[in-house]
Each structure stands twice: as C-alpha cells, then as structure tokens.
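Structure first, commentary second.
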Amino acid sequence: METNDSGMPPPTPEEARRALDLAEAEETATRYRPVPGWYYPALAGLVLGLFLLNSIEQPQQPVRTLVAIVTIFLAITVAVLVGRVSFGSSPYRGVRVDGKPLLAGVLVAAVLAIAPALLAGSIGSWIWVVYGIALSALICGFGVAYWRRHRRG
C-alpha cells in the first residue's frame with residue numbers, strides 16, 4: 001500500500017502517464033545507445049575500402065608497401081571508430097547489448113569476410129569486391145534501420 005506523507009495530492013492520470021512515458025523513454029535511451037547518423041555509412045565505406053584493397057592482385061613493390069600501409073590504417077580506423085561509438089563514454093550506466101542480434105551480425109560479417117579469402121584463389125580476387133559491397137550494404141541497411149528506430153530528437 002502506498003502512503004502519501006508529503007501532503008501533496010496524488011498525480012492526475014495525465015501527470016502519471018507523462019511520468020511513465022518519460023521513464024519509458026529513459027529506459028529506451030539506456031538500452032539503445034544513440035548513434036550518429038554518419039557512423040554506419042562511414043563504417044561501411046571503411047570496410048569496403050579494406051575489401052577493395054584485398055582485391056588488388058600481387059601489386060609490385062612500391063604499390064605493395066602503400067597498400068599495406070593503407071590497409072593497416074583503415075583497419076585501425078575501423079577499430080577506433082567501433083570502439084569509440086560502441087564502448088565510448090555513455091551518460092548511462094549498465095548499458096546492455098542484446099547478444100542474439102549481435103552474435104548473428106558478427107557471424108554474418110565473419111562469413112562475408114572469410115569467404116572471399118577462401119574463394120579468391122579459385123574464383124579470382126574480384127570476389128573481394130562482391131563480398132565487400134555485400135557487407136557494406138548490410139552495414140548501411142542495418143545502420144539506417146537502427147538509426148531511424150532509435151534516434152534521439
């Protein structure tokens with residue numbers, strides 16, 4: 001049983017509804033981190049760049065070094081970007097990520113990243129371009145859906 005020691009009248013149904021709506025919005029904000037609209041397209045572009053670099057067949061020496069440097073730079077940029085957006089400072093404590101969709105996404109991304117490495121020798125290095133476009137499209141598609149559903153403001 002609830003007591004009212006403050007001497008204030010109980011909230012009206014409209015005030016109670018507003019308070020519940022605010023609490024629900026806060027819970028949603030805690031569960032689904034706000035992500036900038038540019039994040040998923042930028043991530044997709046970086047991943048596509050990595051796949052395109054892998055599609056270059058046996059470059060000669062000055063180009064080989066340049067490809068290696070750019071590949072390392074892009075891979076580090078992807079890692080930093082994902083780390084900052086996914087695990088960076090959040091105004092919310094105890095943000096939880098639903099493991100099932102995350103695991104499914106990681107598995108699909110892993111298959112799309114490993115398959116061209118296995119197939120390039122028999123099919124040709126152009127397969128990197130196809131898989132890179134597919135993975136980038138999936139990243140953008142997921143990102144647009146997530147951003148539309150959970151954007152703030």
Side-chain angles (χ1 to χ4, degrees), residues 14-153:
E14 294 81 24
E15 292 171 335
R17 171 65 13 217
R18 253 189 317 231
L20 287 173
D21 289 343
L22 287 171
E24 183 179 344
E26 183 69 19
E27 179 186 6
T28 299
T30 322
R31 187 176 299 142
Y32 303 105
R33 293 179 64 121
V35 176
W38 55 263
Y39 171 69
Y40 288 105
L43 183 60
L46 291 168
V47 168
L48 181 58
L50 285 167
F51 277 65
L52 292 176
L53 287 171
N54 275 316
S55 73
I56 299 173
E57 285 192 35
Q58 311 245 337
Q60 296 305 314
Q61 198 23 296
V63 175
R64 179 181 295 181
T65 303
L66 180 63
V67 166
I69 290 169
V70 173
T71 300
I72 291 168
F73 173 76
L74 288 178
I76 290 171
T77 303
V78 166
V80 168
L81 183 63
V82 169
R84 298 275 293 168
V85 171
S86 299
F87 306 108
S89 64
S90 172
Y92 307 107
R93 301 261 186 237
V95 174
R96 293 192 181 106
V97 176
D98 188 2
K100 290 178 185 176
L102 177 65
L103 181 60
V106 168
L107 288 175
V108 168
V111 166
L112 290 175
I114 293 170
L118 299 174
L119 298 172
S122 60
I123 294 178
S125 64
W126 60 268
I127 199 73
W128 282 100
V129 176
V130 173
Y131 277 84
I133 291 170
L135 183 56
S136 296
L138 283 173
I139 290 170
C140 279
F142 172 78
V144 167
Y146 182 91
W147 189 76
R148 282 184 179 162
R149 185 171 180 190
H150 303 296
R151 69 180 164 198
R152 307 295 180 256

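- In this structure Tyr39 satisfies the ring pair (Phe, Tyr, Trp, His ring centres under 6.0 Å) test with no other residue, sequence neighbours excluded.
- Counting heavy-atom neighbours within 6.0 Å of Glu15 CD, excluding the residue itself, gives a total above 12.
- Between the side chain of Ser55 and the main chain of Leu52, a donor-acceptor pair closer than 3.5 Å is present.
- Rounding to the nearest 0.5 Å places CG of Leu43 at 11.5 Å from CG of Leu48.
- Here the CG atom belonging to Leu107 is positioned 11.0 Å from the CG atom belonging to Leu112, to the nearest 0.5 angstrom.
- Separation of atoms CD1 (Ile123) and CH2 (Trp128) is listed at 12.5 Å; rounding is to 0.5 Å.
- Between Val78 and Leu74 there is no side-chain heavy-atom pair separated by less than 4.5 Å.
- Between Tyr131 and Phe51, the ring centre distance reaches or exceeds 6.0 Å.
- Within 6.0 Å of CD in Gln58 there are 12 or fewer heavy atoms belonging to other residues, nucleotides or ligands.
- Taking CG of Leu22 as the reference point, atom CZ of Arg18 lies at 8.5 Å (rounded to 0.5 Å).
- Here SG of Cys140 is found 12.0 Å from CD1 of Ile133. Values are rounded to the nearest 0.5 Å.
- In this structure, Val67 and Thr71 approach most closely via the heavy-atom pair O-OG1, 2.7 Å.
- Shortest non-hydrogen contact noted between Leu81 and Ala42 is CD2-CB, 4.4 Å.
- A distance of 11.0 Å separates CD in Gln60 from OG1 in Thr65, rounded to the nearest 0.5 Å.
- For Thr77 against Phe73, the heavy-atom pair with the smallest separation is OG1-O, 2.7 Å.
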